[in-house]
Amino acid sequence: MTRAVRSVLPLLALAGCSMAPDYRPPTTVAIPASFKEAPGWAPATPSDAVARGEWWSLFGDPVLDGLERRVSVTNQNVAAARAAYQAARALVIVQRSSLFPTITGSASGQHSGSFSGGQATGIGTGTGTGVNSVTNAGSRFALSIGESWEPDLWGRLGNAVSQAKANAQASAGDLANATLSAQGELATDYIELRGIDAQRVLLDTVIKDYSRALTITTNQYKAGTVAHSNVYQAQATLSSAVAQRQTLDQQRATLEHAIAVLVGENPSSFAVASTNWAPSVPTVPGIVPATLLQRRPDIASAERKVAAANANIGIQRAAYFPQVTLSGSQNTSGTAVRQLFSAATSLWSFGLSGLMTLLDFGARHGQLLQARAQYDEAVANYRQTVLTAFQQVEDDLAGTRVLANVTQSRATAATAATEAERIINNQYLSGTVDYSQVIVAQTNSLTARQNQIQAVVNQQTAAIALMQAIGGGWSPGR
């Protein structure tokens, strides 16, 4: 065994040591057995589409289904997150390559000689003679191959790979979270747009009724049976309803433009056709609190950032130890290509070098302290992400429960107000009440029916928020 090989063996034995602390996922607050705002919210078996992550299919709206499928492909925020994830994966390849030797090669060829010959004569007469020839011509070829390798004695390179892997996994969680956020925003905008469509249908009907009431009141005034103030009141009520209808047009346009951007289209060439409103509120499949930590992509991302910070501590610790590099080269040359592969013309070398910082006035210590502080920061961010996740779920569970009761109350109020409007209008036509009571009844009825529609929309958007809060249909293995 050669002396060079024997000197390398101890280095190989040390390679792979890690200076990073043993990693364990950080602890969080105690996880309850059930959610406070919905103790009976038990796990349920979702539909196949929901299990695949297509949670919006709970609404049973094919237009919404088509729009949602485009978000993960054409939404530009998602595209940026996807590119960041691809860049993080590429960095893993770069860091992993440092564990292996670097091999370089160069080749050259040269042909040289000198000129000799006669001097030209007959200058100015248009004639002359001269002979040139090449002498001492020859060729020279050279080939060189070099290798260098840094054994990972203190785990610096291995921890850099681990850090890159953890960051790539965190980036995958960020991508999933960006996708879920865009999907939730699209679903919310779409549901609100459909609610506005329902409000527009209601107001179109109301405007027709108010126009008819204005005509009747005008005819009564002309006949001298009512005061002119009745006409003004009827006109004011009609104009107010028309203004509300126009405001809805503006609100719908804004939502339509937002949906266009979410699916990656120019708002100038995008439209969502009006259709019948579906007031159904989907039931969100239940989960238990313990599974929330696995379902939320932002929690998974935060935990992976803790792992990356832990690996960085090992990288900074390794800076206290020398970096050792093994290098070797082989050079050969000759006057013919075939001579390049002749051992007699070859020259080889093998070397070992080390680099170590002897005095840096605390720079490495400061970097290690910084790495440890960054780890503590990542742990705190992780715990805060978990707490926020539970807060959002509890908020949305409370919202869905309360809004269900609100919708029932709004429906009862709308039914009562509509019936009151009908009775008072008949009393007015029979002359038993004045027109001011009709105006009050009309206003109350319209407001109650608008509130009923908005209550259902609020329930629907609360269901969307709850689906987002539990992570949609995402799981780390998807």
Side-chain angles (χ1 to χ4, degrees), residues 12 14-28 53 72 77-102 148-181 291-321 323-325 364 367-386 389 471 474-478:
L12 296 177
L14 286 173
C17 295
S18 176
M19 306 298 293
D22 292 337
Y23 177 71
R24 294 180 180 85
T27 57
T28 61
S72 59
N77 288 332
V78 174
R82 186 183 305 111
Y85 171 54
Q86 295 297 337
R89 291 182 61 188
L91 183 59
V92 175
I93 298 174
V94 174
Q95 296 291 0
R96 187 184 291 120
S97 67
S98 63
L99 296 173
F100 303 95
T102 299
S148 65
W149 176 52
E150 179 186 347
D152 192 18
L153 302 183
W154 324 112
R156 180 179 64 85
L157 302 178
N159 282 320
V161 175
S162 298
Q163 183 186 41
K165 286 181 178 179
N167 282 329
Q169 292 164 344
S171 184
D174 292 339
L175 170 59
N177 197 49
T179 304
L180 179 60
S181 177
T291 63
L292 185 63
L293 273 63
Q294 286 76 44
R295 291 179 57 91
R296 292 267 300 218
D298 56 342
I299 293 178
S301 175
E303 185 275 328
R304 289 289 82 200
K305 289 174 183 176
V306 175
N310 186 78
N312 188 40
I313 294 175
I315 295 173
Q316 301 308 322
R317 281 179 172 175
Y320 283 93
F321 300 90
Q323 291 180 236
V324 177
T325 302
R364 286 171 296 177
Q367 290 170 344
L368 179 58
L369 292 178
Q370 181 186 39
R372 287 172 173 166
Q374 289 171 340
Y375 172 82
D376 293 339
E377 179 186 8
V379 170
N381 288 335
Y382 169 76
R383 290 171 176 163
Q384 182 62 37
T385 302
V386 172
W474 184 82
S475 67
R478 181 170 293 116

(request) List the steps, then state whether side chain to side chain contact (heavy atoms under 4.5 Å, CB included) holds for Lys305 with Asn381. (result) CA-CA 9 Å; Lys305 289 174 183 176; Asn381 288 335; over 6 Å; no
(request) Find out whether Glu377 and Arg372 are in side-chain contact, i.e. whether some heavy atom of one side chain is under 4.5 Å from a heavy atom of the other. (result) no
(message) Quick check for you: to the nearest 0.5 Å, what is the distance between Arg24 atom CZ and Asn310 atom CG?
(response) 10.0 Å
(message) Show me the pairs that pass side chain to side chain donor-acceptor pair (under 3.5 Å) and involve residues 79-93, at least two apart or across chains.
(response) none
(message) Restricting to non-hydrogen atoms, name the atom on Ala88 and the atom on Ala168 that form the minimum distance, rounded to 0.1 Å.
(response) CB-CA, 3.7 Å
(request) Nearest 0.5 Å please: distance from the CG atom of Leu157 over to the CG atom of Leu99. (result) 5.5 Å
(message) Quick one about Asp298 and Thr385 (side-chain donor to acceptor, distance below 3.5 Å, no hydrogens or angles considered), yes or no?
(response) no
(request) Measure the shortest side-chain to side-chain distance between Gln370 and Gln316 over non-hydrogen atoms and say whether it is less than 4.5 angstrom. (result) no
(message) With side chain to side chain contact (heavy atoms under 4.5 Å, CB included) as the criterion, how do Tyr320 and Met19 come out once you've worked through the C-alpha distance, each side chain's angles and the decisive distance to 0.1 Å?
(response) CA-CA 10 Å; Tyr320 283 93; Met19 306 298 293; over 6 Å; no
(request) State, yes or no, whether a side-chain contact exists between Val306 and Pro25 at a heavy-atom distance under 4.5 Å. (result) no
(request) Mind listing the closest non-hydrogen atom pair of Ala378 and Ala309 along with its distance? (result) CB-CB, 4.3 Å
(request) First locate atom OG1 of Thr179, then atom CG of Asp174, and finally report the distance between them rounded to the nearest 0.5 Å. (result) 10.5 Å
(request) Drop me the distance from Ile93's CD1 to Ser98's OG, to the nearest 0.5 angstrom. (result) 13.0 Å
(request) Working to the nearest 0.5 Å, report the span between CZ of Arg296 and CD of Glu303. (result) 15.5 Å
(request) Could you pull out the closest heavy-atom pair between Ala170 and Ser301, with the gap in Å? (result) O-OG, 3.0 Å
(request) For residues Leu368 and Arg317, report the shortest heavy-atom separation together with the two atoms involved. (result) CD1-CG, 3.7 Å
(request) Indicate yes or no: at least one non-hydrogen side-chain atom of Val324 is less than 4.5 angstrom from one of Leu153. (result) yes
(request) Could you list the residues that satisfy side-chain contact (heavy atoms from CB on, under 4.5 Å) with Gln323, not counting sequence neighbours? (result) Glu150, Arg156
(request) Mark yes or no for whether Asn177, through its side chain, and Gly173, through its backbone, hold a donor-acceptor pair below 3.5 Å. (result) no
(message) For Thr27, is there any backbone N or O sitting under 3.5 Å from a side-chain donor or acceptor partner on Arg383?
(response) yes
(request) Go through the steps to decide whether Asn167 and Arg304 satisfy the test side chain to side chain contact (heavy atoms under 4.5 Å, CB included), and finish with yes or no. (result) CA-CA 7 Å; Asn167 282 329; Arg304 289 289 82 200; over 6 Å; no
(request) Could you walk me through whether Tyr375 and Asn312 pass the side chain to side chain contact (heavy atoms under 4.5 Å, CB included) test, one step at a time? (result) CA-CA 8 Å; Tyr375 172 82; Asn312 188 40; over 6 Å; no
(message) Can you confirm whether Thr325 sits close enough to Trp149 that some side-chain heavy atom of one is under 4.5 Å from a side-chain heavy atom of the other?
(response) no
(request) Any chance you could measure Asn159, atom CG, to Trp154, atom CH2, to the nearest 0.5 Å? (result) 13.5 Å
(request) For Ser72 and Val78, work out which heavy atoms get closest and say how close. (result) O-CG1, 3.9 Å
